[in-house]
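Notes to accompany the following structure.
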Amino acid sequence: MSARAVREAPRPEVDALKALDDSALVARFLDGDRRGFSELVERYQTRLLNFVYRTTGDRERAEDLVQETFIRVYRHLHRFDQTKKFSTWIYTIASNLAKNELRNRSRNPLVLFQAIRKTWEADQRPLEWEDNTYRPDDLFRKRHLRHLVESAVEELPEHHRAVFVLREMEGKTYEEIAEITGCNLGTVKSRLNRARNNFAQIIAPLLG
Amino acid sequence: MIDCCDFLDRYSEFRDQLLDAEDSEAFERHLESCDSCARYDRVVSGGIETLLRLPHVTPSPDFADRLGSRLSRMDEVLESSSTSGAPVALVIAVAATIGAAAWLPALRENPQPMRLPPAFAHAPYHPQLIPMVLQPGLLAVPAMYAPANGSRAPGFAAYSLLGTTATQTPTRVTQAAR
């Protein structure tokens with residue numbers, strides 16, 4: 001039943017569901033309408049995937065973690081405090097899973113080695129390998145800048161990166177970030193400031 | 001008036017427009033006068049613009065199918081556990097019935113008190129001075145201490161503890177009486 005609900009729903013009903021806000025979808029799901037959950041998946045899957053991917057740096061694993069996030073939402077939605085924001089709750093679950101993933105990865109040398117190897121292999125791509133410095137070729141410069149910006153995010157310390165991605169890419173408020181990461185506002189401010197500072201230092205050679 | 005350190009310390013609040021109007025103006029003035037901080041602001045803004053233009057990763061085409069399958073399996077497990085949880089009372093009742101059936105023969109028989117064969121003993125040659133309880137309600141004392149008005153038997157005389165005198169030859173003491 002739930003599988004069918006996640007996979008398909010008639011078009012007019014889908015449109016009606018799309019018009020509902022998150023809390024209404026949650027209420028519908030709790031009332032027994034599984035399509036409410038299907039719409040929540042549709043709404044959050046890409047956002048969460050990008051968030052987890054930017055946090056962990058591993059696309060395939062990010063997809064597994066997003067699946068796990070939805071499984072947990074499905075199981076525990078009846079315990080969700082509906083006076084709170086659903087998006088904050090689901091991001092908190094995803095953030096915790098990403099955090100655990102990074103923690104486990106740091107404890108597992110094999111995974112760490114694979115991650116390093118992956119990065120190293122990516123570095124072997126000829127275009128980026130040709131020259132690390134500025135070149136007048138604008139297309140190359142843009143591509144290099146994108147690569148550098150992605151790397152800069154990956155290089156941020158874990159707890160700085162989560163705050164940075166939530167603010168800059170997901171547009172969360174400081175209060176929401178504090179709730180998602182379980183930090184107080186002061187910590188969020190200082191981590192964000194340091195993350196921006198580190199980020200700027202890495203990409204400064206190409207922008208300025 | 002703010003300096004570069006203040007600017008960098010509170011840059012995030014400035015960028016996210018969390019400063020009050022007065023501080024915000026001070027930051028703007030500092031930006032106009034300080035090339036280094038202006039460059040810093042340009043780098044952060046430009047970097048984040050680039051970041052936002054990065055192509056988004058999208059879920060693989062079978063994402064929803066895989067999720068749906070996992071949820072279905074989970075539902076099945078939950079349903080089976082809930083259906084197997086419903087007749088718990090039935091299982092307990094069946095177990096109780098089997099237990100009762102096994103114990104029924106033992107429970108049906110009338111419990112008989114264990115009877116031991118009587119034990120015989122001779123009266124002591126030197127009766128002790130310590131009274132001995134022969135049976136509930138009777139006190140045995142050596143005959144020499146028995147009251148004179150009662151009929152006596154050799155050996156012990158038994159007296160009702162309630163005051164009525166009874167005579168008994170305590171040569172036959174059953175285990176049960178003990």
Side-chain angles (χ1 to χ4, degrees), chain A residues 1-8 34 37-38 41-42 45-50 52-54 59-60 62-64 66-68 70-71 74-75 142 145-150 152-153 164-165 167-169 173-174 188-197 199-208, chain B residues 2 4-20 23 27 31 34-82:
Chain A
M1 185 177 180
S2 57
R4 194 157 46 84
V6 168
R7 284 178 201 140
E8 61 195 51
R34 305 295 175 99
F37 184 77
S38 165
V41 171
E42 184 67 29
Q45 56 181 357
T46 306
R47 288 159 67 179
L48 287 179
L49 181 63
N50 279 277
V52 177
Y53 168 57
R54 295 288 170 215
R59 199 210 161 283
E60 282 175 31
E63 195 161 308
D64 290 342
V66 174
Q67 289 242 338
E68 188 57 35
F70 283 121
I71 298 276
Y74 186 82
R75 277 168 60 187
K142 277 182 182 170
L145 179 62
R146 275 190 217 142
H147 176 64
L148 197 64
V149 160
E150 269 193 305
V153 176
F164 182 82
V165 171
R167 177 66 199 150
E168 301 296 1
M169 305 193 76
T173 63
Y174 283 35
V188 170
K189 279 182 191 174
S190 67
R191 283 182 181 176
L192 183 58
N193 210 35
R194 285 182 197 177
R196 280 170 169 162
N197 203 324
F199 179 74
Q201 282 179 20
I202 295 167
I203 61 170
L206 279 181
L207 284 169
Chain B
I2 61 166
C4 294
C5 286
D6 295 332
F7 182 87
L8 291 177
D9 277 350
R10 300 179 66 196
Y11 174 74
S12 279
E13 291 170 76
F14 168 66
R15 182 174 162 74
D16 295 324
Q17 299 172 345
L18 298 174
L19 295 175
D20 58 38
D23 284 346
F27 267 71
L31 268 182
C34 177
D35 287 344
S36 172
C37 289
R39 180 168 180 259
Y40 178 77
D41 185 44
R42 274 201 309 277
V43 167
V44 172
S45 301
I48 287 165
E49 270 174 34
T50 306
L51 194 61
L52 292 173
R53 281 201 301 268
L54 287 177
H56 279 199
V57 289
T58 51
S60 53
D62 64 341
F63 182 88
D65 281 343
R66 282 191 293 130
L67 179 62
S69 301
R70 287 181 72 182
L71 294 177
S72 292
R73 278 201 300 275
M74 201 176 74
D75 278 345
E76 282 166 18
V77 170
L78 289 174
E79 276 170 24
S80 65
S81 65
S82 66

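In what follows, chains carry the letters A, B, and so on, assigned in the order in which the sequence lines appear, proteins first and then strands, with residues in each chain numbered from 1.
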**Item:** Interchain contact, Arg167(A) with chain B, by part (heavy-atom threshold 4.5 Å)
**Value:** side chain
**Between Asp16(B), Thr50(B), Leu54(B), the one whose heavy-atom pairs under 4.5 Å with chain A are most numerous** = Asp16(B)
**Asked** Taking atom CG of Leu8(B) and atom CZ of Arg196(A), what is their separation to the nearest 0.5 Å?
**Response** 12.5 Å
**Request:** Applying side chain to side chain contact (heavy atoms under 4.5 Å, CB included), run through Glu13(B) and Leu192(A) and close with a yes or a no.
**Result:** CA-CA 10 Å; Glu13(B) 291 170 76; Leu192(A) 183 58; over 6 Å; no
**Message:** Could you check whether any side-chain heavy atom of Asn197(A) comes within less than 4.5 Å of a side-chain heavy atom of Tyr40(B), counting everything from C-beta outward?
**Reply:** yes
**Request:** Measure distances from Glu68(A) to the heavy atoms of chain B and classify the residue's part below 4.5 Å as side chain, backbone, both or neither.
**Result:** both
**Prompt:** Does any heavy atom of chain A fall under 4.5 Å from the side chain of Arg10(B), the backbone, both, or neither of them?
**Reply:** backbone
**Message:** So for atom CZ, which belongs to Arg194(A), do other residues, nucleotides or ligands contribute more than 12 heavy atoms lying within a distance under 6.0 Å?
**Reply:** no
**Prompt:** How far apart are the closest heavy atoms of Thr46(A) and Val57(B), and which atoms are they?
**Reply:** CG2-O, 3.6 Å
**Message:** Once rounded to the nearest 0.5 Å, what's the spacing between atom CD of Gln67(A) and atom CZ of Arg66(B)?
**Reply:** 4.5 Å
**Request:** Among Ser60(B), Gly47(B), Pro59(B), Ala38(B), single out the residue with the greatest number of heavy-atom pairs under 4.5 Å to chain A.
**Result:** Pro59(B)
**Under 3.5 Å: donor-acceptor pair, side chain of Arg146(A), backbone of Arg53(B)** = no
**Request:** Please round to the nearest 0.5 Å and tell me the distance separating atom CG of Asp9(B) and atom NZ of Lys189(A).
**Result:** 12.5 Å
**Prompt:** Side chains of Glu49(B) and Val149(A): does their closest heavy-atom pair fall under 4.5 Å?
**Reply:** no
**Complete:** Assert top hit (heavy-atom pairs under 4.5 Å, partner chain B, pool Glu150(A), Arg47(A), Glu42(A), Gln45(A)) equals Gln45(A)
**Asked** Of the backbone (N, CA, C, O) and the side chain (C-beta and beyond), which part of Ile48(B) lies under 4.5 Å from a heavy atom of chain A, both, or neither?
**Response** both
**Atom pair CG/OH of Asp75(B) and Tyr74(A) - distance to nearest 0.5 Å** = 3.0 Å
**Item:** Validation row: Leu49(A), Thr58(B) side chains within 4.5 angstrom (heavy atoms)
**Value:** no
**Item:** Test item: His56(B) and Met169(A) side chains (from C-beta on) under 4.5 Å apart, heavy atoms
**Value:** no
**Request:** Might you point out which heavy atoms bring Phe63(B) and Val66(A) nearest each other, and give the distance in Å?
**Result:** CZ-CG1, 3.7 Å
**Request:** Please look at Arg54(A) and chain B and tell me whether the side chain, the backbone, both or neither of the residue comes under 4.5 angstrom of a heavy atom of that chain.
**Result:** side chain
**Item:** Largest heavy-atom contact set with chain B, pairs under 4.5 Å, which of Ile202(A), Ile71(A), Leu148(A)
**Value:** Ile71(A)
